[in-house]
Colleague: 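Before we start, here is the structure in question, set down as structure tokens.
The sequence lines fix the lettering, A, B, ..., with proteins before strands; numbering per chain opens at 1. Both backbone and side-chain heavy atoms feed into the values below; hydrogens, waters and symmetry mates do not. All figures in this text were calculated on a predicted structure; none of them were measured in a lab.
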2 protein chains.
Amino acid sequence: MRIGELASETGVAPKTIRFYEETGVLPVPQRDTNGYRKYAPDSIDRLEFVRQAQAAGLTLKEIATILEMRDRGEATCHHTRAFLEAHLSDVEEQIAELERMRGRLSVMVERSRDLDPAECTDRNRCQAIPAV
Amino acid sequence: MRIGELASETGVAPKTIRFYEETGVLPVPQRDTNGYRKYAPDSIDRLEFVRQAQAAGLTLKEIATILEMRDRGEATCHHTRAFLEAHLSDVEEQIAELERMRGRLSVMVERSRDLDPAECTDRNRCQAIPAV
DNA sequence: GTAGACCTTCCAGTGCGCTGGAAGGTCAAG
DNA sequence: CTTGACCTTCCAGCGCACTGGAAGGTCTAC
């Protein structure tokens, strides 16, 4: 698979794929005789893992760390676990924060739903957002 | 209250507070006769809202938009609501993503917990992180 | 044999959210 | 009257995650 195909399979731009390689979240791929990057099918899974990890708030550096630990397959279990546990509690904290935000947002949405639209048009104070 | 006190009350650096003012997430404060910024006590709440909103993944621009809608108190209920609803579903999507990540992370942590530590020290493949 | 889609490298720029440092003003305590 | 903590503005730089563009090579189809 060439970079363009990997890009369209995953929705990640070729530029970004090269950038990921440079920063270490993707391994250096093989090359065709013409110099084009050649990817194995499992690159799709790896790239999707990267995007999901990003969506979960991990930085590229952190993702690279996790994947390099796996790729090296060295005696890093202890560090790996400490790292993973630290991230797990980060993620849990982020979830808690987001749930607080969700609560606030739905209160605001509810409030805006219940308002008489007529009140909105005559320069009354918009009541949807509570005093902060 | 001067900027230093607001900073120590909230844990946000004075530099950052000025920066927030510049970008519109904090209103332009009054000034003392000597030119120092003068903050009302409710600035603490506002600043804390900003930090919580940030922790929930909103950008400063988005936070500014929400707070400006409230500050202007104009006929923006409809837009406000659309905006809030869009954000609510963003936040819900982020929560879902984080929960997927939490699942993956705890599987990895569990796996690393169950491993025989002896296996980690002799260059065996670290099994904590599943193939990606 | 040429057009067009694809690939390569390299370097520069962008947007976000700060952060540092220079140069100077204000004020209370010793 | 000076020291030191605090404040002011302004401008520059940084880390992150891309993104754009130039200049050129490769391959297929017509």
Side-chain angles (χ1 to χ4, degrees), chain A residues 1-40 43-44 46-68 87 90 94 97 101, chain B residues 1-40 43-44 46-68 87 90 94 97 101:
Chain A
M1 198 190 329
R2 294 196 309 206
I3 199 166
E5 196 184 338
L6 179 57
S8 60
E9 285 292 323
T10 56
V12 180
K15 279 253 171 188
T16 307
I17 295 173
R18 288 186 206 104
F19 172 74
Y20 284 173
E21 178 188 328
E22 205 179 304
T23 54
V25 302
L26 290 184
V28 175
Q30 286 196 255
R31 298 280 183 151
D32 275 330
T33 47
N34 57 15
Y36 290 8
R37 286 170 179 80
K38 198 168 68 180
Y39 294 95
S43 299
I44 296 171
R46 175 129 182 181
L47 199 38
E48 273 164 4
F49 176 83
V50 172
R51 298 301 257 190
Q52 284 161 1
Q54 269 195 301
L58 281 78
T59 66
L60 291 183
K61 213 167 206 165
E62 291 165 339
I63 297 165
T65 304
I66 288 178
L67 291 173
E68 276 162 19
H87 257 298
D90 272 14
Q94 278 176 62
E97 195 67 67
M101 202 31 155
Chain B
M1 199 190 329
R2 296 195 309 207
I3 199 167
E5 196 183 339
L6 180 58
S8 58
E9 285 293 322
T10 56
V12 180
K15 279 253 172 189
T16 307
I17 295 173
R18 288 187 206 104
F19 172 74
Y20 284 173
E21 178 187 329
E22 205 180 304
T23 54
V25 302
L26 291 183
V28 175
Q30 286 196 255
R31 298 280 183 151
D32 275 329
T33 47
N34 56 16
Y36 291 8
R37 286 170 179 80
K38 197 168 69 180
Y39 293 96
S43 299
I44 297 171
R46 174 128 182 183
L47 199 39
E48 273 164 5
F49 177 83
V50 172
R51 297 302 256 190
Q52 285 160 1
Q54 268 195 301
L58 280 79
T59 66
L60 290 182
K61 213 166 205 166
E62 291 165 339
I63 298 165
T65 304
I66 288 179
L67 291 173
E68 276 161 19
H87 258 298
D90 271 14
Q94 279 178 60
E97 194 66 67
M101 202 31 158

Colleague: So what does A:Thr23 hit on the nucleic acid, given a heavy-atom distance under 4.0 Å: a base, only sugar-phosphate, or nothing?
Modeller: nothing

Colleague: Nearest-Å distance, OH (A:Tyr20) to P (D:dC16)?
Modeller: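 Those two atoms, OH and P, are 14 Å apart.
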
Colleague: Just how far, in rounded Å, is P of D:dG15 from NZ of A:Lys61?
Modeller: 8 Å

Colleague: Can you identify which nucleotide, out of C:dT19, C:dC16, D:dC18, has its nearest atom closest to the A:Phe19 side chain?
Modeller: D:dC18

Colleague: C:dC16, OP1 or OP2 - any side-chain N/O from B:Gln54 closer than 4.0 Å?
Modeller: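 Answer no for this pair, as no side-chain N or O of B:Gln54 is under 4.0 Å from OP1 or OP2.
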
Colleague: If you define the side chain from C-beta out and look only at heavy atoms, does anything of A:Leu47 sit under 4.5 Å from A:Glu9?
Modeller: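 The answer is no, as the side chains (C-beta and beyond) never meet within the 4.5 Å cut-off.
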
Colleague: Expressed as a whole number of angstroms, how long is the span from B:Ile63:CD1 to C:dC16:P?
Modeller: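 For the pair B:Ile63 CD1 and C:dC16 P, the rounded distance is 13 Å.
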
Colleague: List the protein contact pattern of nucleotides 4-9 of chain D with one symbol per nucleotide (5' to 3'): B for base contact, S for sugar-phosphate-only contact, - for none; contact means a heavy-atom distance under 4.0 Å.
Modeller: --BSBB

Colleague: When rounded to the nearest 0.5 angstrom, what is the spacing between CD in B:Gln52 and CD in B:Glu48?
Modeller: 6.5 Å

Colleague: Got a sec, which residues hit side chain to side chain donor-acceptor pair (under 3.5 Å) with B:Ser8, two or more places apart in sequence or on another chain?
Modeller: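 Side chain to side chain donor-acceptor pair (under 3.5 Å) list for B:Ser8, sorted by chain: empty.
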
Colleague: Rounded to whole Å, how long is the line connecting atom CG of B:Leu47 with atom C1' of C:dC18?
Modeller: 14 Å

Colleague: What is the distance from CG of B:Asp32 to P of C:dT26, rounded to the nearest Å?
Modeller: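 Interatomic distance, CG of B:Asp32 to P of C:dT26: 13 Å.
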
Colleague: If I compare all heavy atoms of A:Ile63 with all of A:Val50, which pair ends up nearest, and what's the gap?
Modeller: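 That closest heavy-atom pairing would be CD1-O, 3.7 Å.
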
Colleague: Any chance you could measure A:Ile44, atom CD1, to A:Arg46, atom CZ, to the nearest 0.5 Å?
Modeller: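 These two atoms lie 14.0 Å from each other.
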
Colleague: Nearest whole Å is fine: how far is D:dG15 P from A:Leu58 CG?
Modeller: 20 Å

Colleague: Could you pull out all donor-acceptor pairs under 3.5 Å where a side-chain atom in residues 14-31 of chain A meets a protein atom, sequence neighbours excluded?
Modeller:
from, atom 1, to, atom 2, distance (Å)
A:Tyr20, OH, A:Arg51, NH1, 2.5
A:Tyr20, OH, A:Gln54, OE1, 2.9
A:Glu21, OE1, A:Arg37, NE, 2.7
A:Thr23, OG1, A:Phe19, O, 3.1
A:Thr23, OG1, A:Tyr20, O, 3.2
A:Arg31, NH1, A:Gly35, O, 2.8

